[in-house]
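Single-structure report; data block below.
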Amino acid sequence: MDLEVSPALTIPASELRWRFSRSSGPGGQHVNTSDSRAELSWNVADSAALSDDQRLLLLARLGRRLVAGVITVTASERRSQLRNREAALAKLADLVAEGLAPEAAPRRATKPTRGSNRRRLAAKEQRSATKRQRQRPSAE
């Protein structure tokens, strides 16, 4: 089952490595007897599905999540192994898509409008007047 990250990128199933273990999540006594926790690994550094530019981008952006060029995601939220496999695939697809997404344009600083400045100062003046009226009258 290949993992489609985007229309331009599909990770072949042969590059994905699965491991299953006992989950600590919901499921009662069933959890103690079945390997429902899914762990999905993908070697980013050696993947044939990526171009060189994509590989460098992923290695740079996902660097702290990688161990020897391999990214690993786990899923143990569901009771069944099948649902956890689907969740792990979705997590990996989201991570890779996020890592390959173009950077957002830098924020361009702007001045507040004259009207917004006027409204802000009027609100401050109103608040000040309210607090002045709460004060005890002076002795004079």
Side-chain angles (χ1 to χ4, degrees):
M1 178 165 94
D2 293 346
L3 175 61
E4 186 175 332
V5 177
S6 69
L9 176 63
T10 301
I11 303 171
S14 60
E15 292 186 8
L16 301 174
R17 298 282 170 252
W18 289 100
R19 269 186 48 202
F20 303 101
S21 59
R22 300 227 168 112
S23 175
S24 62
Q29 293 175 346
H30 173 71
V31 164
N32 302 331
T33 59
S34 64
D35 293 340
S36 60
R37 178 175 180 254
E39 190 173 299
L40 176 61
S41 300
W42 178 50
N43 194 336
V44 177
D46 296 337
S47 177
L50 297 172
S51 67
D52 290 336
D53 294 337
Q54 289 175 328
R55 182 175 293 106
L56 290 173
L57 192 61
L58 279 177
L59 289 173
R61 288 188 178 170
L62 302 177
R64 60 184 185 273
R65 285 209 57 151
L66 298 174
V67 177
V70 177
I71 188 165
T72 304
V73 294
T74 59
S76 60
E77 299 87 31
R78 308 291 179 160
R79 288 179 64 154
S80 74
Q81 187 185 98
L82 179 65
R83 297 269 192 272
N84 283 331
R85 284 175 76 134
E86 292 167 354
L89 283 169
K91 281 183 185 180
L92 181 63
D94 289 344
L95 267 175
V96 173
E98 190 177 306
L100 291 175
E103 287 191 26
R107 181 186 172 277
R108 194 178 322 150
T110 59
K111 286 184 179 179
T113 63
R114 200 177 300 144
S116 69
N117 217 2
R118 217 178 283 133
R119 285 189 298 274
R120 181 180 64 84
L121 292 175
K124 284 169 70 86
E125 190 61 42
Q126 177 68 41
R127 185 75 178 147
S128 174
T130 301
K131 290 191 169 201
R132 252 191 327 247
Q133 289 173 356
R134 288 182 190 158
Q135 289 179 355
R136 189 170 290 199
S138 61
E140 298 172 9

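The structure presented is a predicted model; accordingly, all values stated were derived computationally and were not measured.
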Which atom pair, heavy atoms only, marks the closest approach of [X] to [Y]?
{"X": "Thr74", "Y": "Lys91", "answer": "O-NZ, 2.8 Å"}
{"X": "Ala87", "Y": "Ala75", "answer": "CB-CB, 3.9 Å"}
{"X": "Arg61", "Y": "Leu100", "answer": "NH1-C, 4.0 Å"}
{"X": "Leu66", "Y": "Leu58", "answer": "CD1-O, 4.4 Å"}
{"X": "Arg85", "Y": "Phe20", "answer": "NH1-CZ, 3.5 Å"}

Rounded to the nearest 0.5 Å, how far does [atom2] of [Y] lie from [atom1] of [X]?
{"X": "Leu89", "Y": "Trp42", "atom1": "CG", "atom2": "CH2", "value": "12.5 Å"}
{"X": "Glu39", "Y": "Arg17", "atom1": "CD", "atom2": "CZ", "value": "13.5 Å"}
{"X": "Gln54", "Y": "Leu59", "atom1": "CD", "atom2": "CG", "value": "11.5 Å"}
{"X": "Gln126", "Y": "Lys124", "atom1": "CD", "atom2": "NZ", "value": "13.5 Å"}

Transitive ILVMFWY side-chain link Leu9 to Val70, under 4.5 Å: no

Donor-acceptor contact present, side-chain Glu15 to main-chain Pro12, <3.5 Å: no

Residue list, salt bridge (charged side-chain N to carboxylate O under 4.0 Å, His left out) with Arg55, at least two apart or on another chain: Asp52

Exercise: do Arg114 and Asn117 side chains pair donor with acceptor under 3.5 Å: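 No.
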
Step-by-step side-chain contact (heavy atoms from CB on, under 4.5 Å) determination, Leu57 to Leu50: CA-CA 10 Å; Leu57 192 61; Leu50 297 172; over 6 Å; no

Atom CZ of Arg83: over 12 foreign heavy atoms under 6.0 Å: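 It does not: Arg83 CZ has 12 such atoms or fewer within range.
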
Flag side-chain contact, heavy atom, 4.5 Å: Glu86 against Leu82: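 They are in contact (side-chain heavy atoms under 4.5 Å apart), so the answer is yes.
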
Derivation and outcome, side-chain contact (heavy atoms from CB on, under 4.5 Å), residues Arg132 and Ser128: CA-CA 6 Å; Arg132 252 191 327 247; Ser128 174; 3.7 Å; yes

From Thr72, Ile71, Val73, residue fulfilling side chain to side chain contact (heavy atoms under 4.5 Å, CB included) relative to Leu40: Val73

